[in-house]
Amino acid sequence: MPDADDLAALQAFRRWRDESGRALAEARAGVALAKPRVPVLVIASDGDDDVPPATSAALAADWEATFRRVPGSHVGPLLGRQAPALAAEVLRWLNAVVGVAGIQHPLGAPA
């Protein structure tokens, strides 16, 4: 995790599970997924060697989803140094689509 600080990497490695590898293997084998009926945001990292950004872009196009490409590694969006800023961006996206899509916000009106 070249884009994570030492503490984030340590915490991730302590909690890492083999399910991630199994999920990737199943995804590579081809799993049919129905198009979601709600707005979707697909985030892809430029340096992702596990799920190439082109694969994520194709999924987003197929699902008519919002696509966001960010710098970083496979887990960078969650654990990288830029994760807090990206999380804030995702929250803004969620709050914006709640009103547009007519989805009821689970905590009341978006802030």
_Heavy-atom closest contact (Pro77 atom, Ala83 atom, distance)_ = O-CB, 3.4 Å

*Answer yes if Val90 and Val97 sit in the same cluster of Ile, Leu, Val, Met, Phe, Trp and Tyr residues linked by side chain heavy atoms under 4.5 Å apart, and no otherwise.*
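In one cluster with Val90: Val97, yes.
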
*Following the transitive rule for hydrophobic clusters with a side-chain heavy-atom cut-off under 4.5 Å over Ile, Leu, Val, Met, Phe, Trp and Tyr, establish whether Leu94 and Leu86 coincide in one cluster.*
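Shared cluster, yes.
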
*If a pair satisfies salt bridge (charged side-chain N to carboxylate O under 4.0 Å, His left out) and one of its residues is in residues 33-45, list it, with sequence neighbours excluded.*
Lys35-Glu64

List, one per line, each side-chain donor-acceptor pair under 3.5 Å for residues 38-46, sequence neighbours excluded.
| unit_1 | atom_1 | unit_2 | atom_2 | d |
| --- | --- | --- | --- | --- |
| Ser45 | OG | Ser73 | O | 2.8 |
| Asp46 | OD1 | Arg69 | NE | 2.4 |

When the side chains of residues 53-63 are checked against the rest of the protein, which donor-acceptor pairs come out under 3.5 Å, sequence neighbours left out?
none

*Taking only residues two or more places apart in sequence or in another chain, which ones pass side-chain hydrogen bond (donor to acceptor under 3.5 Å, both in side chains) with Arg68?*
Glu89

